[in-house]
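Every chain is numbered from 1 and lettered A, B, ... according to where its sequence line falls, protein lines coming before strand lines.
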2 protein chains.
Amino acid sequence: MHTTNIIKPLSVDSVIFGFEDDQLKVLLIKRIVDKDSGTWALPGGYIKYDEDIDVAAARILEERTGVKVFMKQLGAFGEVNRFPDKRIITIAYYALVKPRNFALSLEDDASAIEWVNVYDLPKLLFDHGIIIEHALRSLRRRVRIEPIGFNLLPNSFPLLSLQRLYESILNTTFDKPNFRRKILKMKLLIPLEEKQEGVAHRSARLFKFDKNRYDKLIDKGFSFEV
Amino acid sequence: MHTTNIIKPLSVDSVIFGFEDDQLKVLLIKRIVDKDSGTWALPGGYIKYDEDIDVAAARILEERTGVKVFMKQLGAFGEVNRFPDKRIITIAYYALVKPRNFALSLEDDASAIEWVNVYDLPKLLFDHGIIIEHALRSLRRRVRIEPIGFNLLPNSFPLLSLQRLYESILNTTFDKPNFRRKILKMKLLIPLEEKQEGVAHRSARLFKFDKNRYDKLIDKGFSFEV
DNA sequence: ATGCATATAGTCTTAATGACTACAAGAATA
DNA sequence: TATTCTTGTAGTCATTAAGACTATATGCAT
């Protein structure tokens with residue numbers, strides 16, 4: 001990594017959430033450089049002098065994963081001793097993505113990159129565990145009042161997947177018929193002709209999220225709520 | 001202000017909300033130093049090398065107002081051109097306070113310090129207007145699901161004051177009997193013997209917020225909602 | 001063909017909400 | 001003193017949403 005042209009006391013770290021095998025996961029990398037070797041960490045990097053911080057966050061993630069995603073800022077983490085020896089304050093971001101769209105590619109300074117279950121994390125570098133906790137809290141708050149959960153699912157999905165998604169984020173369970181009723185009543189899902197394939201039981205209808213419709217409803221004062 | 005021992009590319013700015021005359025207000029200062037003269041701005045300062053950022057935010061506010069308050073981090077604002085000539089990223093904080101407890105004291109570099117209606121702001125320094133917008137959005141989200149509004153009111157208050165508070169924050173109106181019913185049903189307010197004094201109409205009973213009770217209810221899964 | 005897992009439709013009860021009406025209290029006024 | 005004005009406080013009624021269920025439909029696997 002080049003160290004010229006960066007703002008030295010500031011870094012960016014990203015919590016990338018994905019949903020895979022009915023589990024909420026986080027993208028982690030394991031570094032091989034210097035004494036951090038062997039510790040899992042959030043993908044991160046440094047901000048350039050002539051770069052907006054939001055842009056820096058997106059660039060760094062793209063460098064590591066090849067995918068451009070919209071990042072939401074979580075906040076700054078700046079305890080005096082969070083980083084050893086030096087005083088580095090990090091600005092954390094998070095994003096919700098579809099893991100299938102990610103072709104994970106290793107960079108020079110990483111020995112591994114993996115999706116890890118958010119409820120079963122390894123020991124993490126510095127305060128990255130705390131950052132993930134904060135991100136999860138923020139996600140839980142937002143996911144209930146904004147239709148952001150769909151960013152974690154494929155474009156078309158059965159209702160039960162959506163339910164499992166909310167259950168794993170909110171760490172709870174819902175009654176199936178009731179969840180179904182509530183979601184469908186919002187009229188935000190377009191029922192497709194397609195059905196599930198390759199399942200060992202009655203196949204479910206697939207739906208897709210209707211972003212257009214959502215925007216219109218919002219203008220009319222509608223508010224999403226799960 | 002001393003410029004030694006600070007982290008140069010980082011500042012802290014605070015949005016202090018207060019409720020006065022049934023209006024939601026923000027604490028602003030007008031600086032007289034250098035070319036910023038005459039522009040209203042958020043109280044702010046620089047972070048020291050050996051100081052947590054949350055502590056820096058509280059210290060800076062205390063220096064300007066003499067009052068120690070708990071600050072909530074809003075996030076980092078880091079557009080390349082937000083600050084003229086230099087690249088300075090600011091971490092914004094906000095807090096809810098009782099204006100009566102504040103003895104506003106001028107510092108050397110400020111020519112005025114004032115509570116200003118948040119819906120009628122003057123032109124502000126740099127991106128401070130944007131920061132206030134973000135703070136207001138965050139406040140609106142939080143105030144509906146956490147009992148933080150009470151921090152803006154005196155310890156004892158009539159129900160209508162609470163209603164006016166929510167109305168001014170959320171920029172809406174509520175039906176009086178319905179608001180009353182909703183709030184009282186939560187059992188978070190302790191009715192006092194005292195009544196309003198010096199009002200030209202029937203005096204209302206005063207209440208105080210029961211923090212203890214709230215903490216207990218939270219443990220039982222209760223969730224505050226307005 | 002039978003079981004089994006999931007999909008999907010619908011019922012019933014209870015609680016919350018929004019829109020009101022009505023009356024009470026007490027200072028100001030006429 | 002009587003009246004009026006403003007706000008406080010209690011309660012009604014209809015509508016809607018939520019939670020806990022029951023019941024039936026499909027279709028693969030044995």
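The A:K182 side chain lies nearest to D:dA18 when the options are D:dA18, C:dA19, D:dG19.
Following rounding to the nearest Å, B:M186 (CE) and C:dA15 (P) show an atom-to-atom distance of 18 Å. In this structure, B:F174 atom CZ and C:dA19 atom P are separated by 12 Å, rounded to whole Å. Computed from coordinates, the B:L206 CG to D:dG8 C1' distance equals 12 Å when rounded to whole Å. D:dG8 atom P lies 13 Å from atom CG of B:L184, rounded to whole Å. Counting to the nearest Å, the C1' atom of C:dC12 and the CG atom of A:D175 are 14 Å from each other. Following rounding to the nearest Å, A:E225 (CD) and C:dT17 (P) show an atom-to-atom distance of 11 Å.
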Polar-atom pairs under 3.5 Å, protein N or O versus N or O of nucleotides 6-8 of chain C: list them with distances, or write none.
from  : atom 1 : to     : atom 2 : distance (Å)
C:dA7 : OP2    : A:K176 : NZ     : 3.0
C:dA7 : N3     : A:R202 : NH1    : 3.0
C:dT8 : OP1    : A:R205 : N      : 3.2
C:dT8 : OP2    : A:R180 : NH1    : 3.1
C:dT8 : OP2    : A:R180 : NH2    : 3.4
C:dT8 : O5'    : A:R180 : NH2    : 3.1

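With hydrogens and angles left out, the side chain of A:R181 and the base of D:dG19 share a donor-acceptor pair within 3.5 Å. At a cut-off of 3.5 angstrom, the base of C:dA19 holds at least one donor-acceptor pair with the side chain of B:N178.
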What donor-acceptor contacts under 3.5 angstrom involve side-chain atoms of residues 128-143 of chain B, with partners at least two apart or in another chain?
from   : atom 1 : to     : atom 2 : distance (Å)
B:H128 : ND1    : B:L42  : N      : 3.0
B:S138 : OG     : B:Y94  : OH     : 2.8
B:R140 : NE     : B:I169 : O      : 2.8
B:R140 : NH2    : B:Y119 : OH     : 3.0
B:R142 : NE     : B:E146 : OE2    : 3.2
B:R142 : NH1    : B:Y94  : OH     : 3.1
B:R142 : NH2    : B:E146 : OE1    : 3.3

Anything under 3.5 Å between a donor and an acceptor, one on a side chain of residues 201-223 of chain B, the other on a protein residue two or more places apart or in another chain? List them.
from   : atom 1 : to     : atom 2 : distance (Å)
B:R205 : NH1    : B:L192 : O      : 2.6
B:D210 : OD1    : B:N212 : N      : 3.4
B:D210 : OD1    : B:R213 : N      : 3.1
B:K211 : NZ     : B:D215 : OD1    : 3.0
B:K211 : NZ     : B:D215 : OD2    : 3.4

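For A:R181, the side chain to side chain donor-acceptor pair (under 3.5 Å) partners at least two apart in sequence or on another chain are A:N178. For B:R180, the side-chain contact (heavy atoms from CB on, under 4.5 Å) partners are B:L159, B:L184, not counting sequence neighbours. For B:E20, the side chain to side chain donor-acceptor pair (under 3.5 Å) criterion is met by B:K25, not counting sequence neighbours.
Under 4.0 Å is where a charged nitrogen must lie from a carboxylate oxygen, and between B:E62 and B:R59 no such pair does.
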